[in-house]
Amino acid sequence: MKTRLNLITLALAGFSGAAMANYGLANANVEGVDTSKWECKRCEPVNGYSGSVGIAAGAVDASDNHAANRLGDTDGFAGHVNADVVYRAESGYNAELEANRLGSDNGSARIAVGKAGVANAAFHYATGTHWTADGAVSPFAFQNNLIVNTGEDQTTDLKVKRERYGFDGDFGGDLWTLYGNFQREDKTGARKASVFSGTIANVAAPIDSTTDRWEAGARLGGQTWTAGVAYIASQYNNNLTSMYDFGSHQAALSTAPSNEAYHIVADGQYSFTRTHLAGRFVTGKMTQDDSLVQLGGLNPTVSSFDGEVDTTDASFRVASTVARGLRLTASYDYSDRENNSSVFAGNSVSIDGMSGDVEEYARYDQTRHTAKVGASYRISQGYRVDAGYEYKGVERTDLEREQTDEHGVHARLRISALDNWNFGLKAGYSTRDGSKFEASRATSSEDNALLRRYHLADRDRVETELRVTHTPLASLSIDLTARYANDDYSDTEFGLLEADDYGYDVSVNWGASDKLNLHAFAGQQWIDSEQNNLFASQTSFDQVEDRFVNAGFGAAYKGLFVDALTVGGDYLYADSESNTTVASGGLNGEYGDYFSTSHSVNFYGDYALNEKMGLRLDYRYERYEDSDFANVDNIQNGNVVHLYTLGNLNHNYNAHMVMLSFNYAL
């Protein structure tokens, strides 16, 4: 804020003496003007307490706990506390209390005290729960480092619960600030996983981990510059065993390994009159001492694995107004990932029977360069054009293509000169190519020469977007966005061949009167892709059609009961589906159902008891259904390998919530 004020002061000082004499505020003629109401009541903070506190209680009726992802609470009683309280003392010290749905499965709280520019401290706490499915059924249980068949079904809820807490603080003066913060996240629950040992089984794998993050730094700043340095460290501890054996297979299931990382960050920026510079440099290291699970080989685990990855990142930005109406920008980003992990470890070495290569842990390195230049020019009042060029270069090791180069250009025209209309039209084109495809030690020479991974393959991309805003009335606004993009992998024989992504969004907001407001929106997206697959000597041609739609409307009316009651309602519809058609050997087939559909309704009434107290009543309804063809029944006979699932994990439910809230303004 001080920098902005100083820049404004310098700009004003650059005006001619005549201009300041004619139009300076001190020489303004205010005779006969009533200035009694000019006092800004918000310019100076009010000492004492301000804000509001509230409490809410109600009930949820839901047969599926998945509804809590939308309603915030599971079946049964629901209650939470809200608060936004500020205390300001005459000495300049402040205290703040914030609470949002505190007491529910998805709530947060923050307490802060201090004085701006001197010292500040805060403590924060948050919980979050995401449900995948409740009532997953499986006879397999996790005992020590084994997955065992108990002989009878056990029920487990698939969910992830996160609990975060920590603190932060800073102190300093006008030119410098020291700061630090700490956060811990405990994550528990269960997830869906798959294992194999003659039998294919889906299991409810446990989750139990702790992540700590520390940060400490210092910042310096002047009128036209800032600089800072920081140290950031994190440590992830998996509280479970690192791997589980299943039947005759060792390490059939591995968990996320414990690891730690640190980064040292230096950044700064400087502002000239019309030019602004900014830069950032980051160096860091990530390490892992847990055992490594290998695919294949005589020894499935590397017990003495030393994982180490060194990272270096740097970026530079410059923006300058070189002439009236013309602004130029440029940036460069550099990122390097060097894997220095141990290669050979353990008591044995495995030889690939087809290629004769020694199997080893592949150390993937990657270096990325990104450069951008752009220009923005105001042709005349209400007409502006933007254009830019972008280059991305990626160098990789141990992949069949060591380097890819991507070049892209874009342009945009914005028109706001027409009454009640705003237009924006953007178009772009990019192309990707790179080095020759070759077999590597990691991918082996028997890979098909015509196969191209989509992120490495040559690709041409075109895209365009149209934005229109129309305000035919002061109280009516209409917004429309339409977009289209095409990816063409013309040099790929097997893999992703082509993809189209197009859609639109439209929204309308109408203040029908001083008391009634109406709004509505709708949007659709289509993603169509084609690919060729190769399975041994057979091929297939796949077409995937993804469809997304969302729509809704709502209304709010205020002014009932002598402007004490506001009522309103909202409706939201969302639907998505994916259809995959497979053509192979002259036969066509389709995958099973894969969709989700939801209807959401919310009615509310907000009643002001007096100037300080208010009541609000909410009713919410959720209708949700989805289907995943992968959720098949157990297969235990025929020519198919035995398959155990977790039961039917699809959702099909109705859920209701009623919540009464009381709010008190301090």
Side-chain angles (χ1 to χ4, degrees), residues 59-78 104-106 127-163 186-209 238-241 243-247 249 252-256 592-598 622-637 640-657:
V60 174
D61 180 15
S63 58
D64 191 327
N65 284 327
H66 184 269
N69 295 336
R70 298 169 179 266
L71 301 179
D73 293 280
T74 55
D75 184 67
F77 173 80
S104 68
D105 290 337
N106 299 274
T127 59
T129 304
H130 179 80
W131 289 81
T132 300
D134 51 344
V137 178
S138 173
F140 300 99
F142 289 75
Q143 298 178 2
N144 297 322
N145 65 332
L146 301 175
I147 303 176
V148 298
N149 191 336
T150 63
E152 57 184 37
D153 288 339
Q154 302 183 43
T155 301
T156 305
D157 293 335
L158 301 181
K159 66 176 181 177
V160 177
K161 180 178 180 179
R162 290 178 170 87
E163 186 175 23
D186 295 322
K187 184 166 67 172
T188 57
R191 63 182 178 89
K192 181 180 178 181
S194 299
V195 293
F196 174 79
S197 180
T199 295
I200 302 174
N202 290 332
V203 294
I207 299 173
D208 187 356
S209 65
N238 193 331
N239 302 320
L240 302 170
T241 184
M243 58 196 68
Y244 294 92
D245 297 338
F246 181 50
H249 283 65
L253 178 66
S254 63
T255 60
D593 291 336
Y594 190 67
F595 70 87
S596 68
T597 304
S598 68
E622 296 286 338
R623 172 73 179 104
Y624 182 84
E625 181 181 6
D626 65 20
S627 179
D628 184 351
F629 61 87
N631 292 327
V632 298
D633 294 331
N634 292 336
I635 299 175
Q636 300 186 27
N637 50 40
V640 182
V641 176
H642 291 189
L643 171 66
Y644 290 89
T645 70
L646 292 174
N648 187 354
L649 301 182
N650 296 329
H651 304 283
N652 187 354
Y653 61 83
N654 297 282
H656 308 265
M657 168 184 273

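When reading the values below, keep in mind they use all heavy atoms of this one structure, side chains included, and skip hydrogens, waters and symmetry mates. For this chain, numbers begin at 1 and follow the sequence in order.
Side chain of D157 to backbone of K159: no donor-acceptor contact under 3.5 angstrom is found. Side-chain atoms of T129 do not come within 3.5 Å of backbone N or O of V160 as any donor-acceptor pair. Of the possible polar contacts, none joining the D593 side chain to the F629 backbone as a donor-acceptor pair under 3.5 Å is found. With T150 contributing its side chain and P139 its backbone, the two residues share a donor-acceptor pair below 3.5 Å. Checked by atom type and distance alone, the side chain of N149 pairs as donor or acceptor with a backbone atom of G151 at under 3.5 Å.
A 4.5 Å side-chain heavy-atom check between T74 and D105 finds at least one atom pair inside the cut-off. Within the 4.5 Å cutoff, side-chain heavy atoms of P206 are placed close to those of L240. Taking 4.5 Å as the limit, every side-chain heavy atom of H656 sits out of range of all side-chain heavy atoms of V60. Between R623 and N652, the closest side-chain pair of non-hydrogen atoms falls below 4.5 Å.
The distance from the CD1 atom of I147 to the OH atom of Y244 is 8.0 Å, given to the nearest 0.5 Å. Expressed to the nearest 0.5 Å, how far CG of D208 lies from OG1 of T255 amounts to 10.5 Å. Once rounded to the nearest 0.5 Å, the distance linking NE2 of H66 with CG of N650 reads 10.5 Å. With rounding to the nearest 0.5 angstrom, the OH atom of Y653 is 8.5 Å from the OG atom of S63. For the atom pair S254 OG and M243 CE, the distance stands at 7.0 Å (nearest 0.5 Å). Between the OG1 atom of T132 and the CG atom of N69 there is a distance of 7.5 Å, given to the nearest 0.5 Å.
For A190 against I207, the heavy-atom pair with the smallest separation is C-CD1, 3.9 Å. Considering all non-hydrogen atoms of both residues, A252 and V195 come closest at O-CG1, 4.1 Å. Considering all non-hydrogen atoms of both residues, D64 and D134 come closest at OD1-OD1, 3.2 Å. When all heavy atoms of N106 and G72 are compared, the closest pair comes out as ND2-O, 3.5 Å. The two residues T155 and G135 have their closest heavy-atom pair at CG2-CA, 3.4 Å. Closest non-hydrogen pair, T127 versus E163, comes out as CG2-CG, 4.2 Å.
Dense packing is recorded around NZ of K192, with more than 12 heavy atoms of other residues, nucleotides or ligands lying under 6.0 Å away. Within 6.0 Å of atom OH in Y594, 12 or fewer heavy atoms from other residues, nucleotides or ligands are found, so the atom counts as exposed in its surroundings.
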- request: Verify side chain to side chain contact (heavy atoms under 4.5 Å, CB included) between T241 and N145, making sure each step is shown before the conclusion.
  value: CA-CA 6 Å; T241 184; N145 65 332; 4.1 Å; yes
- request: Decide side chain to side chain contact (heavy atoms under 4.5 Å, CB included) for D73 and F77; before the verdict, give the C-alpha distance in whole Å, the side-chain angles of both, and the deciding distance to 0.1 Å.
  value: CA-CA 8 Å; D73 293 280; F77 173 80; over 6 Å; no
- prompt: Between T645 and V137, is a side chain to side chain contact (heavy atoms under 4.5 Å, CB included) present by the stated rule, with each step listed?
  reply: CA-CA 8 Å; T645 70; V137 178; over 6 Å; no
- prompt: Please walk me through it: do F246 and F196 pass ring-ring contact (aromatic ring centres under 6.0 Å, His included)?
  reply: CA-CA 7 Å; F246 181 50; F196 174 79; 8.5 Å; no
field: Verdict with reasoning, L649 to D628, per side chain to side chain contact (heavy atoms under 4.5 Å, CB included)
entry: CA-CA 8 Å; L649 301 182; D628 184 351; over 6 Å; no
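Side-chain contact check for N202 and S194: at least one donor-acceptor pair (N or O, by modelled atom type) lies under 3.5 Å.
Legend: residues meeting salt bridge (Lys or Arg N to Asp or Glu O under 4.0 Å) with R191, ordered by chain and number and at least two apart, are absent.
In summary, the aromatic rings of F140 and Y644 are positioned with their centroids under 6.0 Å apart.
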